[in-house]
Amino acid sequence: NDLFTVQDWDRQKRQLTDARGRGCDCCDISGGEPMQNPNVVELVRFCADSGLPARIITSLICPA
């Protein structure tokens, strides 16, 4: 499985909720290749809905 390093969806959401609780007002989605994250669309939507505008730092490598 090529996605063994992608954190599960619940953990991704928890990290954003925790960041918001610490006072963060935006977030960067990076680390490895974020476009390989099967939840990237939901992640950006969750960020926006949580008041954390997201910036994706990518090399633009996407699954086919």
Exercise. Can you sort out the partners of D10 under side-chain hydrogen bond (donor to acceptor under 3.5 Å, both in side chains), two or more places apart, ordered by chain and number?
Key: none

Exercise. If a pair satisfies side chain to side chain donor-acceptor pair (under 3.5 Å) and one of its residues is in residues 41-51, list it, with sequence neighbours excluded.
Key: none

Self-check item: Residue pairs passing the side chain to side chain donor-acceptor pair (under 3.5 Å) test where at least one lies in residues 12-22, sequence neighbours excluded
Solution: Q7-Q15, Q12-N37

Practice problem: Look up atom CH2 in W9 and atom CG in L43, then write down how far apart they are to the nearest 0.5 Å. | Solution: 5.0 Å

Quiz item: Would you call S30 and I56 a side-chain contact if the rule is heavy atoms closer than 4.5 Å?
Solution: no

Practice problem: Apply the test side chain to side chain contact (heavy atoms under 4.5 Å, CB included) to residues D8 and N39: give CA-CA distance (whole Å), side-chain angles for both, the deciding distance (0.1 Å), then the verdict. | Solution: CA-CA 9 Å; D8 67 64; N39 302 311; over 6 Å; no

Quiz item: Taking only residues two or more places apart in sequence, or in another chain, which ones meet C26 in a side chain to side chain contact (heavy atoms under 4.5 Å, CB included)?
Solution: P53

Exercise. Among residues two or more places apart or on two chains, list those pairs meeting salt bridge (Lys or Arg N to Asp or Glu O under 4.0 Å) that have a residue in residues 50-60.
Key: D28-R55

Quiz item: Mind checking what makes side-chain hydrogen bond (donor to acceptor under 3.5 Å, both in side chains) contact with T58, not counting sequence neighbours?
Solution: E33

Quiz item: In terms of hydrophobic clustering (I, L, V, M, F, W, Y; side-chain heavy atoms under 4.5 Å; direct or indirect links), are I57 and M35 co-clustered?
Solution: no

Quiz item: Given the rule in the side chain to side chain contact (heavy atoms under 4.5 Å, CB included) test, do L16 and C47 qualify, once you have shown the distances and angles that lead to the verdict?
Solution: CA-CA 7 Å; L16 290 168; C47 289; 3.6 Å; yes

Practice problem: Determine the minimum heavy-atom distance between C27 and L52, stating which atoms define it. | Solution: SG-O, 4.0 Å

